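For reference, the structure discussed in these notes is given below.
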Amino acid sequence: MEENIYDSVVIGSGPAGLTAAIYNVRADLKTVVIAGDAPGGQLTITTVVDNWPGFPKGTGGMKLMVDMQAQVRNLGVEIWIDTVKTITKKATSSAGNFQIELESGKKILAKSVIVATGARVRWLGLENEQELIGRGISGCATCDGMFFKDKVVAVVGGGTVACEDAAFLSKIAKKVYLIHRRDQLRALPAEAKKVLDDKKIEKIWNSEVVEINSNNSQLHNIKIRNNQNGKEGILPVDGLFVAIGRVPATDFIKDMVDLTENGYIITGQDKLYNSMTSTPGIFAAGDCMDEWYRQAIVAAGAGAQASIDGQRWLSTKASN
């Protein structure tokens, strides 16, 4: 099993995980990336990425992730299309601190682990929704808002993120609807006030989106239903932004590290290693630990940070 001992195992193949792998291999750490069953993460369903530096005309989300994977492989890092089943802590030794069992049945040993499994948008679960992602439907206003300049859009949700999205879109779009299933916002007071005071944002209370309709494979309108009186209506919109929460991919590690009540990995408790979790040797980066920024470029930076923290932590262990 000696050949299956890695200095660092990176779990996740989005911007955070792949950046961590790049920094690892440049530090001469034996590294493998466990890519999951959908390599590339959320960017692979983003049609155009306009806010990644170095692309004057933007780039495709899928292309960006394919290029990043090629870069990682060209540097000599293996990328396995597999999923982590369990992680078990072992006694500290040269044989590795952690045993990782994959869904394929393969077992590997790791001296350190970087968790970069990301988070997925909590979608509405309606027919046509998935097919129209990138064709009028989005889970990220700051990513896709510029495509709706001077258009009519709707935001679904009533929390802080929904209010931030609505306020952001209000500066770009011609009209913004905020659709919330309750009669008051759950957002932080400052964010809620921005929305309530913004006359460009029309609030639709006690209502839910129950149907999504398209025209020529593009979002055309949505049907909303008042959950108090049952009345339904059609709302023509060019864009629909779903902001009802995100689901971090952390179930597999919930017994190993501390999580927030929303399931995000807690980091920053160790003053020397900001990306370290509550378990020494396990680091986290990207959307699985970042509940607020939700940006690919931020995740990539966090991946670099996790790698550097891991390198420094491993060097102290080697010197002891």
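One-based numbering along the sequence shown. Just so it is clear, the structure is predicted and the values come from calculations on it, not from any experiment.
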Q: Report yes or no: do Asn221 and Asn213 form a side-chain donor-acceptor pair below 3.5 Å?
A: yes
Q | Nearest heavy atoms of Trp205 and Asp183, plus distance in Å | A | CE3-C, 3.6 Å
Q: Enter the distance from Tyr6:OH to Ile100:CD1 here, rounded to the nearest 0.5 Å.
A: 10.5 Å
Q. Side-chain heavy atoms under 4.5 angstrom apart, residues restricted to Ile, Leu, Val, Met, Phe, Trp, Tyr: same cluster for Ile224 and Ile201?
A. no
Q: Could you check Leu219 against Asp238 for side-chain contact (heavy atoms from CB on, under 4.5 Å), going step by step and ending with a plain yes or no?
A: CA-CA 6 Å; Leu219 177 68; Asp238 300 296; over 6 Å; no
Q | Spatial distance of atom CD1 (Ile265) from atom CG (Asp287) [nearest 0.5 Å] | A | 11.5 Å
Q: Kindly indicate, with the supporting measurements, whether the criterion side-chain contact (heavy atoms from CB on, under 4.5 Å) is fulfilled by Ile114 and Asn24.
A: CA-CA 10 Å; Ile114 296 176; Asn24 275 356; 4.1 Å; yes
Q | Flag for Gln311-Ser315: side-chain donor and acceptor within less than 3.5 Å | A | no
Q.
Please check: side-chain N/O of Asn97 versus main-chain N/O of Lys111, any donor-acceptor pairing under 3.5 Å?
A. yes
Q. Hey, does the side chain of Asn262 reach the backbone of Tyr264 with a donor-acceptor pair shorter than 3.5 angstrom?
A. no
Q. Are Val25 and Val10 co-members of a hydrophobic cluster defined by side-chain heavy atoms under 4.5 Å apart?
A. yes
Q: Report the C-alpha separation of Glu208 and Arg225 in whole Å, then their side-chain angles, then the decisive distance to 0.1 Å, and conclude whether the side-chain contact (heavy atoms from CB on, under 4.5 Å) test is met.
A: CA-CA 5 Å; Glu208 300 172 37; Arg225 177 185 297 150; 5.6 Å; no
Q. Just checking, Lys171 and Phe168: is the charged tip under 6.0 Å from the six-membered ring centre and within 45° of the axis?
A. no
Q. Just wondering, do Ile79 and Pro39 contact through their side chains at under 4.5 Å, heavy atoms?
A. no
Could you tabulate the donor-acceptor pairs under 3.5 Å formed by side-chain atoms of residues 49-70, not counting sequence neighbours?
unit_1: Lys63; atom_1: NZ; unit_2: Asp67; atom_2: OD2; d: 2.8

**Q.** Side chain to side chain, Ile11 and Ile87, heavy atoms closer than 4.5 Å
**A.** yes
Q. Any side-chain heavy-atom pair from Ile172 and Met146 closer than 4.5 angstrom?
A. yes
Q. Quick one: which of Ile253, Leu102, Val115, Val9 gives a side-chain contact (heavy atoms from CB on, under 4.5 Å) with Val84?
A. Leu102
